[in-house]
Amino acid sequence: MPVYGDYNIANVLAAIGTALHFEYHIEDIIGVLPQLESPEGRFQVIEGPNNQKVILDYTRTPVALIRLVEEVKKMEYNQLIVMIAGIGIRDFNKMPKMARTIEGKADEIIVTVDHPGYHDPNVIVDQVMTGFSNPSASNIHRAPTRTEGVLKSLSLGKPNDVILLTSGCINGAQLVKGNEIPHSDEEIIASYYASLSNIS
């Protein structure tokens with residue numbers, strides 16, 4: 001079944017147990033498992049070209065990020081690219097913790113912004129960057145908008161890489177100066193990969 005992550009697998013097993021309890025036949029259950037889809041924004045896997053995998057997981061706490069990366073590292077890949085974000089409408093003091101959590105655990109790190117609100121996005125990125133022991137490292141990249149962050153993450157991807165996009169939202173918008181600006185990671189990813197196929 002196309003489901004990743006121990007917690008997602010545990011949920012599927014619970015659903016299978018429930019179905020058996022209600023006297024569905026195991027053969028019928030097994031027959032539909034390949035049709036399952038990753039839950040939106042929770043270890044949601046998008047298959048890219050050249051065996052790339054993009055994972056959308058809207059985790060936004062250090063503890064959840066650690067657990068997520070542990071699950072991702074169980075997969076086979078060449079390079080792990082991780083995007084983290086400072087959330088402008090939340091506590092600024094928590095932002096550096098995401099940097100400290102991911103430092104040394106990914107080959108490339110992109111620092112971006114979610115929901116800047118009324119804050120300068122570059123100030124938010126600066127705040128996240130204070131969590132790195134070496135913020136000037138060549139594998140740490142800045143992106144002042146989530147759109148730029150997603151595109152930068154994708155541009156760094158090579159064959160057999162995993163690109164992990166964290167934080168974000170699933171309500172289809174970014175909150176900027178009191179306005180809801182339409183945004184979709186999935187649409188950006190689809191458009192990016194489509195542009196690659198048009199070039200080739």
Side-chain angles (χ1 to χ4, degrees), residues 1-61 63-85 102 105-108 110 112 114 146-147 149-174 180 182-200:
M1 56 189 180
V3 175
Y4 298 84
D6 286 353
Y7 41 84
N8 284 332
I9 293 171
N11 289 337
V12 173
L13 291 173
I16 291 172
T18 302
L20 291 171
H21 177 76
F22 284 101
E23 300 182 350
Y24 285 89
H25 297 292
I26 188 65
E27 293 81 6
D28 295 332
I29 297 170
I30 292 173
V32 300
L33 290 180
Q35 301 172 36
L36 289 177
E37 297 180 357
S38 299
E40 185 180 10
R42 288 290 176 261
F43 218 112
Q44 178 183 353
V45 179
I46 298 173
E47 300 286 346
N50 302 313
N51 202 35
Q52 283 185 7
K53 286 182 173 59
V54 181
I55 301 173
L56 301 181
D57 196 292
Y58 297 134
T59 180
R60 51 176 59 115
T61 67
V63 172
L65 180 59
I66 290 172
R67 291 175 180 165
L68 174 61
V69 171
E70 287 174 349
E71 292 297 325
V72 172
K73 285 184 176 290
K74 296 176 183 177
M75 303 170 67
E76 292 185 4
Y77 58 84
N78 284 346
Q79 182 179 231
L80 176 59
I81 300 163
V82 179
M83 184 179 78
I84 61 173
I102 197 60
K105 297 181 177 65
D107 298 289
E108 301 283 351
I110 298 85
T112 190
D114 272 324
R146 187 168 181 91
T147 296
V150 172
L151 290 173
K152 180 63 177 178
S153 301
L154 294 170
S155 72
L156 292 169
K158 297 180 177 63
N160 304 306
D161 285 352
V162 168
I163 302 165
L164 175 59
L165 306 179
T166 70
S167 191
C169 60
I170 55 175
N171 62 3
Q174 288 277 300
E180 292 190 2
H183 175 92
S184 169
D185 285 357
E186 292 174 271
E187 289 179 7
I188 295 168
I189 294 164
S191 177
Y192 178 84
Y193 282 140
S195 70
L196 293 183
S197 63
N198 290 336
I199 292 173
S200 59

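Bear in mind the structure is a predicted one, so any value in this text is a computation, not a measurement. The chain is numbered in sequence order, starting from 1.
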Taking only residues two or more places apart in sequence, or in another chain, which ones meet E186 in a side chain to side chain donor-acceptor pair (under 3.5 Å)? Q44
Q79: which residues meet the side chain to side chain donor-acceptor pair (under 3.5 Å) condition with it, sequence neighbours left out? D161
Let me confirm one number: the OG-CD distance from S153 to E108, rounded to the nearest 0.5 Å. 9.5 Å
The salt bridge (Lys or Arg N to Asp or Glu O under 4.0 Å) partners of E71 (sequence neighbours excluded) come to K74
Looking at side-chain heavy atoms only, is the closest gap between I189 and L56 below 4.5 Å? yes
Hey, does the side chain of D57 reach the backbone of L164 with a donor-acceptor pair shorter than 3.5 angstrom? no
Side chain to side chain donor-acceptor pair (under 3.5 Å) partners of N51, counting only residues at least two apart: N160
Side chain to side chain donor-acceptor pair (under 3.5 Å) partners for Y192, two or more places apart: none
Sequence neighbours excluded, which residues qualify as side chain to side chain contact (heavy atoms under 4.5 Å, CB included) partners of A64? T59, T61
What residues form a salt bridge (Lys or Arg N to Asp or Glu O under 4.0 Å) with K53, not counting sequence neighbours? E47
Side chains of D185 and Y58: does their closest heavy-atom pair fall under 4.5 Å? yes
With no hydrogens and no angle check, is any side-chain donor or acceptor of K73 less than 3.5 Å from a backbone partner on L80? no
Return the set of residues passing side chain to side chain contact (heavy atoms under 4.5 Å, CB included) with I30 (not counting sequence neighbours), or none when no residue passes. I26
With a 6.0 Å cut-off (strictly less than), is the heavy-atom count around CZ of R42, excluding the residue itself, greater than 12? yes
Do I110 and L156 have side chains that get closer than 4.5 Å, going by heavy atoms? yes
Residue pair M1 / V12, side-chain heavy-atom distance below 4.5 Å: yes
Selection residues 12-30 - residue pairs positive for side-chain hydrogen bond (donor to acceptor under 3.5 Å, both in side chains), sequence neighbours left out: none
